[in-house]
Q: 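Can you keep this structure in mind? I'll have questions shortly.
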Number of protein chains: 2
Amino acid sequence: MDTKDLPANILDPNCPSRVIFQRIGDKWASLVIQVLGDGPVRFSELRKMVNVVTPKVLTQTLRTLERDGLITRTVYAQVPPRVDYQLTPMGESLLQPLSMLREWAESHVPTIMEARDAYDDAQDEALLASPK
Amino acid sequence: MDTKDLPANILDPNCPSRVIFQRIGDKWASLVIQVLGDGPVRFSELRKMVNVVTPKVLTQTLRTLERDGLITRTVYAQVPPRVDYQLTPMGESLLQPLSMLREWAESHVPTIMEARDAYDDAQDEALLASPK
DNA sequence: GACAACGGTATCCATTGGATACTGATAGCT
DNA sequence: AGCTATCAGTATCCAATGGATACCGTTGTC
């Protein structure tokens, strides 16, 4: 059974949309894309702007983004080397959905922090009530 | 320096919005939330609908979602046990941003798969050109 | 008294992520 | 000639995370 003509369905583990969905949710990938939203950035700049990622992991992230056609990598033949990363049109089309998520996250920070505090307090009390 | 009164900024590793943003991007959390969009679901059903997650990992995911106030956990005192999970209002407010992402992922499946094939082909050729 | 249903834990191992050190090419300085 | 700095990464190693599998507690049914 070939999946390529079936309707995309994130809940199907065999559906590529699921893999793509998870790539978007990747810890660094989504941050990189948002940073690149303002134009091309070189490797070392990217490292500074996306605090704080090790070079190995940043490279991995950039390679998969490039493979998926979301960014392009441009090497300038100079020394010291210069490599620019920038969004493709498809990469740019991700900016809007991502910024909606970012806005959601930023606007719900206080509520979530309160929920965590309340939850942790309840855990502490439960622990006191039944100290094994 | 206290961060709690600063404007939320995803690029600041000390900002809670960053943590929250990454929780949304969690491999299973976002799928669970989307499944719960249609109403309460019990543990075993959730496991079937979110293919395929081990019980340990699903439990971890549900606990953190509960802690963050995105879902509630309801235990019915019966045997065999029954536990329902459902979205809080805040959890529901995540459905829209998430569905935008899902739509993006589903609609870009073909383009991304093509990009991957092209990239992999280019890699293969580069390998043939310089067989170390 | 064995079994099934359900919502988990417990344990172990594979994969991933991260910290740190290092490389290669060249220009500029001494 | 040798030393140093710059940049974009690798290489190596160790810790944290994710996943597979087995098991547990409770009670109703056969």
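Below, read A as the first sequence line, B as the second, and so on, with proteins coming before strands; counting in each chain starts at 1.
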Q: Give me the atom names and distance for the closest heavy-atom approach of B/Y85 to B/R63.
A: OH-NH1, 3.5 Å
Q: First locate atom OG of A/S17, then atom CD of B/E103, and finally report the distance between them rounded to the nearest 0.5 Å.
A: 12.0 Å
Q: Would you say that B/M90 contacts A/W104 through its side chain, given a criterion of any heavy-atom pair below 4.5 Å between the two side chains?
A: yes
Q: Which residue, B/R42, B/K48, B/R47, forms the salt bridge (Lys or Arg N to Asp or Glu O under 4.0 Å) with B/E45?
A: B/K48
Q: Reading DNA chain C 5' to 3', which nucleotide is the first, and which the last, to come under 4.0 Å of any heavy atom in chain B?
A: C/dA5 to C/dT11
Q: For A/D84, is there an ion pair with A/R73 - N to carboxylate O distance below 4.0 angstrom?
A: no
Q: Residues of residues 20-28 of chain B with any non-hydrogen atom less than 4.0 angstrom from an atom of DNA chain C: list those, numerically ordered, please.
A: none
Q: Would you kindly give the CG-to-P distance between A/L58 and D/dT10, to the nearest whole Å?
A: 11 Å
Q: From B/I24 CD1 over to A/H108 NE2, what is the distance, rounded to the nearest 0.5 angstrom?
A: 9.5 Å
Q: Measure the CE-CG distance between B/M100 and A/L98 for me, rounded to the nearest 0.5 Å.
A: 11.0 Å
Q: List in numerical order all residues of residues 65-87 of chain A for which some heavy atom is under 4.0 Å away from an atom belonging to DNA chain D.
A: A/R73, A/P80, A/P81, A/R82, A/V83, A/Y85
Q: Using whole Å, report how far CZ of A/R47 lies from C1' of D/dT10.
A: 13 Å
Q: Once rounded to the nearest 0.5 Å, what's the spacing between atom OH of B/Y119 and atom CD1 of B/I112?
A: 14.5 Å
Q: Show the numbers, then the answer: is there a side-chain contact (heavy atoms from CB on, under 4.5 Å) between B/N14 and A/N51?
A: CA-CA 9 Å; B/N14 294 320; A/N51 312 284; over 6 Å; no
Q: Should A/L58 and A/V83 be regarded as members of a common hydrophobic cluster, given that ILVMFWY residues are connected when their side-chain heavy atoms come within less than 4.5 Å of each other, either directly or indirectly?
A: yes
Q: In a table with atom names and distances, give each donor-acceptor pair under 3.5 Å that connects a side chain of residues 28-41 of chain B to protein atoms at least two apart or in another chain.
A:
residue, atom, partner, partner atom, Å
B/S30, OG, B/D26, O, 3.2
B/Q34, OE1, B/R102, NH1, 2.9
B/Q34, NE2, B/S30, O, 3.4

Q: Strictly below 4.0 Å, heavy-atom distances to any atom of DNA chain D: list the hits from residues 36-46 of chain B, or just say none.
A: none
Q: Measure the CD-CG distance between A/E92 and A/L87 for me, rounded to the nearest 0.5 Å.
A: 5.5 Å
Q: How bent is the helix from C/dG1-D/dC30 to C/dT30-D/dA1, measuring the angle between the end axes built from five pairs each, rounded to 10°?
A: 30°
Q: Would you call B/R116 and A/D68 a salt bridge, using N to O less than 4.0 angstrom?
A: yes
Q: Same cluster for A/V19 and A/I71 if Ile/Leu/Val/Met/Phe/Trp/Tyr side chains link at under 4.5 Å?
A: no
Q: Verify the cluster assignment for A/F43 and A/V75: are they in a single hydrophobic cluster under the rule of side-chain heavy atoms below 4.5 Å apart?
A: yes
